[in-house]
Amino acid sequence: MEPKSPKYLGIGYLKKHLNFIKNSSYQGVGGIWKIGASKSGPVLGITIHTHGNEPSGLAVLEYFREKFPLEQRLKNGVVIFSLNNIRATERFLAAKNTEEKMSSRFVDINMNRLPDNVMRCNKNDSRYEIRRVQELKNIWEQFDVGFDIHSTTQENDGMIMNIGAVHPQLIRGFPITDIITNIENVQIAKPAVFFYGNGSIPVMGIEAGSHESPQAFTRAIACTEVLLKNLGMIEGGTTTNDQKYREYFVDSSLIFPDASYSLVKQFKPYEEVIAGQKIATNGKHNLFAPLTGHVILAPSGMTVKNLDEEVMFFVRPPKITIFE
Ligand SMILES: [Zn+2]
């Protein structure tokens, strides 16, 4: 049975923390909560709600405000919490049904599928996310390390979404052992994290679990706490036991050419596929698996709402890695 979410993580509480960060600003940018220690150290950017319907990020905010007040326990450096997509998050928390929740992922465009020229778009661009990304840019650029918290439609044990090189010293002790690599080179357009730091900082995301599951909230909180420890920003060491990771290299994606297509079945997280296997169809044309491996980030049904986004991704069979 699904454990009940603790009371403090109910919608009312999440709204309270959304209001807090919405009304916090740093350097004139709203939706930013900045905590600085007196001793210098790294600038850790923790970004939440890049997608409106992914409340694990607000659970992390709640934790570091009330359960583990970061303002008192930060030893050095600066932590910048950025609630990336404020308007979509407001919609999510005001949603009355599943349909409304699902359409609160973004307002005008997906913040993880940004056009290359996003920073050169008109300041008065009609798309909310374009204007928001432009105002967040100066904040994002200050990060020395970027950590972006997400969740998925289907339940899973969590995934570390690695961008660029894997940083074993930062993920050591995370309660997640599946690492996804190369997605940034396969996905359409640019994810928000592309604009973090100076372009060469360690950046990673997590998919904490399914959007509203208590396990996802707990996992997101645990990862963030471990990351702060690994960076030496809060007290406490993390386990140094050799941990076995499964590293999945993203090879390609599935995109529906138009709305007439649907998957031939519902795919489970990491479901195995064989090269040439029929994956989707519109009755006339079929789409096939390009490799023998697995699928990740599959939708919870057989159809998708947003055609400008991948339906799911194909990953190679995992490589087992043990970091020294
Ligand atoms: Zn997301």
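Start at 1 and go down the list; that is how both ligands and their atoms are numbered. What you see below is based on every heavy atom in this structure, not just the backbone, and it leaves out hydrogens, waters and symmetry mates.
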Taking the Zn ion (ligand 1) as the center, what protein N, O or S atoms are found at less than 2.8 Å?
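For the Zn ion (ligand 1), the protein N, O and S atoms that sit under 2.8 Å away are His51 ND1, Glu54 OE1, Glu54 OE2, His150 ND1.
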
Kindly assign one of parallel, tilted or perpendicular to the pair Phe20 and Trp33, based on the angle between their ring planes and the thresholds 30° and 60°.
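If you compare the ring of Phe20 with that of Trp33, the planes turn out perpendicular.
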
For a 4.5 angstrom cut-off between non-hydrogen side-chain atoms, does [X] reach [Y]?
{"X": "Thr89", "Y": "Leu58", "answer": "yes"}
{"X": "Ile279", "Y": "Phe288", "answer": "no"}
{"X": "Leu254", "Y": "Glu310", "answer": "no"}

Between Phe106 and Tyr128, is the ring centroid distance below 6.0 Å?
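No, ring centres 6.0 Å or more apart.
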
Is it true that the side chains of Asn286 and Thr281 contain a donor and an acceptor less than 3.5 Å apart?
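Asn286 vs Thr281: donor-acceptor pair found between side chains.
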
